[in-house]
Amino acid sequence: MDLTTFLALSEALTGFSEFDLRATGQAEAYRAKTNSKLGEALMGAIEGTWAPLAHRGAAERAAGVGAMMGSAPIGEPLRQIALLWYTGAWYTDARYGYATLSGQAYQKGLMWKAIGAHPMAAEPQGFGAWSLPPPEPSA
């Protein structure tokens with residue numbers, strides 16, 4: 001799967017824009033990891049299912065991706081891609097087995113942006129930051 005297609009699919013899987021995904025600096029690394037872990041046949045099946053949805057409206061894409069995630073054999077791999085973006089780790093088992101790609105991938109995981117937090121010990125927050133309430137969620 002090429003990077004453009006991977007990013008478009010990843011937008012639909014994560015709810016983050018292509019801009020936010022590219023800003024992680026991990027897009028190419030995640031695409032390469034996904035291609036190598038899933039293989040050509042499975043990536044082709046995902047791409048073939050995604051292609052008719054790629055140029056539809058947001059609501060249709062969301063419904064289509066929901067259906068894709070519920071279908072075998074591509075549902076679990078799609079969840080692995082979403083987890084990769086959020087955590088910076090490739091999960092071999094949704095509950096226990098994973099391997100973080102790199103320290104940078106962990107720090108740039110979308111989970112931190114989603115919860116309005118910072119990766120532990122990776123970004124200075126300043127003295128007393130722990131005492132401040134978390135930011136209000138954005139719409």
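FYI, side chains are in, hydrogens and waters are out, and symmetry mates aren't considered; it's all heavy atoms of this structure.
- Proximity of Val65 to Leu78: side-chain heavy atoms (C-beta onward) are nowhere separated by under 4.5 Å.
- With rounding to the nearest 0.5 Å, the separation of OG1 in Thr49 from CD1 in Ile74 is 4.0 Å.
- Closest approach of Leu21 to Ser10, counting heavy atoms only: CD1-CB, 3.7 Å.
- Side-chain N/O atoms of Trp85 and Thr14 include no donor and acceptor closer than 3.5 Å.
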Leu9 vs Arg31, side chain to side chain contact (heavy atoms under 4.5 Å, CB included): CA-CA, chis, key distance, verdict: CA-CA 11 Å; Leu9 174 63; Arg31 184 197 68 83; over 6 Å; no
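- Under the 4.5 Å side-chain criterion, counting only non-hydrogen atoms from C-beta, Phe6 is not in contact with Trp50.
- At least one donor-acceptor pair under 3.5 Å links the side chain of Arg79 to the backbone N or O of Met69.
- A distance-only check finds a donor-acceptor pair linking the side chain of Arg61 to the backbone of Arg56 [under 3.5 Å].
- Looking at Thr34 and Trp90, their side chains come closer than 4.5 Å, going by heavy atoms from C-beta outward.
- Among residue pairs with one or both ends in residues 102-122, those qualifying as side-chain hydrogen bond (donor to acceptor under 3.5 Å, both in side chains) are Asp20-Lys113, His118-Glu123; sequence neighbours excluded.
- For the pair Met1 and Leu38, the minimum side-chain heavy-atom distance is 4.5 Å or more.
- Glu11 contributes no side-chain N or O that, together with a main-chain N or O of Ser17, makes up a donor-acceptor pair within less than 3.5 Å.
- Counting only heavy atoms from C-beta outward, the side chains of Leu53 and Glu60 never approach each other to under 4.5 Å.
- With contacts defined as side-chain heavy-atom distances shorter than 4.5 Å, the pair Gln26/Leu110 does not qualify.
- When all heavy atoms are compared, the tightest approach of Pro73 to Leu42 is O-CD1, 4.0 Å.
- Side-chain atoms of Gln80 and Leu84, non-hydrogen and from C-beta on, never get closer than 4.5 Å to each other.
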